[in-house]
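Numbering of ligands and ligand atoms starts at 1, following listing order. Along the sequence shown, residues are numbered consecutively beginning with 1.
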Amino acid sequence: MLAARGATVAMAARRTDRLETLGAEIAESGGTALPVELDVSDGEAAETAITRVVEELGRLDVLVNNAGVMLLGPMLEAPVEEWQQMVEVNLLGLMYMTKAAVPHLLKAAAGDRGVADVVNISSVAGRIARRNSGVYNATKFGVGAFSESLRQEVTGRHVRVSLVEPGAVATELQSHNRPEVKEQIEKRFVDMEILQAEDIAETIEFVVTRPSHVAVNEVLVRPTEQEQ
Ligand SMILES: NC(=O)c1ccc[n+]([C@@H]2O[C@H](COP(=O)([O-])OP(=O)(O)OC[C@H]3O[C@@H](n4cnc5c(N)ncnc54)[C@H](OP(=O)(O)O)[C@@H]3O)[C@@H](O)[C@H]2O)c1
């Protein structure tokens, strides 16, 4: 969506085949995209990825911290490795990427655009804790706290920090759960028209295209029929 508006975009994730396909789609529509293989839970790799993006593309105006995993189920039965993965990706990964990016964002904000952006993708789960979601809740509540603290640190230098909190979106997120947990999650949204990835992309687009004196700090976007 941002590439279609003329932004040069870098996309980072572990599965390079997906990134290459998206990069090719963007290139075919006349845009410019740089696929970057990255596991955000590796702090050194996060730093290297940001350095590479700035070297190859010349500057960094917007960081969207979207990478996340949601592994649910009762705490007493949970494999601890699932908790570690959520903390390492949802929380530490986001922090590593932000630390690496902020010096470049500060530089960009002092330039012609007059502003730069960190957009952190949290969740309704970052505002409301639910049974069987404790560690996911903890990571997303953590994203909220980190974002607000960072916001106070850098907003005076025109780096806007925004929190986007989606409700249920049709993606692969729940597919990584154990079968018995997946069944429970699917039941919850079976009769509901949930959000599409484009709905959240539009929200991010809105946030980063405001005039430089407007900072949209927090956006909670639920499917209309989602009560909690
Ligand atoms: N779907 C929802 O209902 C919902 C609701 C609220 C919030 N969210 C949040 O939205 C964000 C995106 O999730 P999604 O729904 O789009 O889920 P998804 O379809 O499973 O996508 C997750 C994305 O994160 C990347 N990722 C996962 N682990 C990574 C790692 N270690 N390093 C780098 N990239 C990694 C994945 O790419 P690779 O696997 O190739 O690395 C993929 O691009 C997450 O932060 C999630 O918590 C989703």
Mark up the atoms of ligand 1 that fall under 4.0 Å of a heavy atom belonging to [X], in ascending order.
| X | answer |
| --- | --- |
| L38 | 32 (N), 33 (C) |
| A168 | 3 (O) |
| H176 | 20 (O) |
| G68 | 22 (C), 24 (O), 44 (C), 45 (O) |

Test: [X] and [Y] ion pair at under 4.0 Å:
| X | Y | result |
| --- | --- | --- |
| E148 | R151 | yes |
| E47 | R52 | no |
| R15 | E172 | yes |
| E205 | R5 | yes |

Please state whether [X] comes within less than 4.0 angstrom of ligand 1, counting heavy atoms only.
| X | value |
| --- | --- |
| A125 | no |
| A197 | no |
| G93 | no |
| K140 | yes |

Tell me the contacting part of Y136 for ligand 1: side chain, backbone, both, or neither, using a 4.0 Å heavy-atom threshold, strictly below. side chain

With heavy atoms and a 4.0 Å threshold, my read on which part of S122 contacts ligand 1 is backbone

From the options [options], select the one whose nearest heavy atom is closest to [atom].
| atom | options | answer |
| --- | --- | --- |
| atom 15 (O) of ligand 1 | D17, V40, T171, D39 | T171 |
| atom 13 (O) of ligand 1 | L173, V169, V164 | L173 |
| atom 12 (C) of ligand 1 | N66, V221, D42, L94 | N66 |
| atom 27 (C) of ligand 1 | R14, M11, Q85 | R14 |

Where is the nearest protein heavy atom to [atom]: which residue, which atom, and how far?
| atom | answer |
| --- | --- |
| atom 36 (C) of ligand 1 | R15 NH2, 4.2 Å |
| atom 10 (O) of ligand 1 | I121 CG2, 3.5 Å |
| atom 43 (O) of ligand 1 | A13 CB, 4.4 Å |
| atom 6 (C) of ligand 1 | P166 O, 3.2 Å |
| atom 19 (O) of ligand 1 | E172 N, 3.0 Å |
| atom 35 (C) of ligand 1 | A67 CB, 3.6 Å |

Looking only at side-chain N and O atoms, does N217 offer a donor or acceptor that is under 3.5 Å from a partner on S162? no

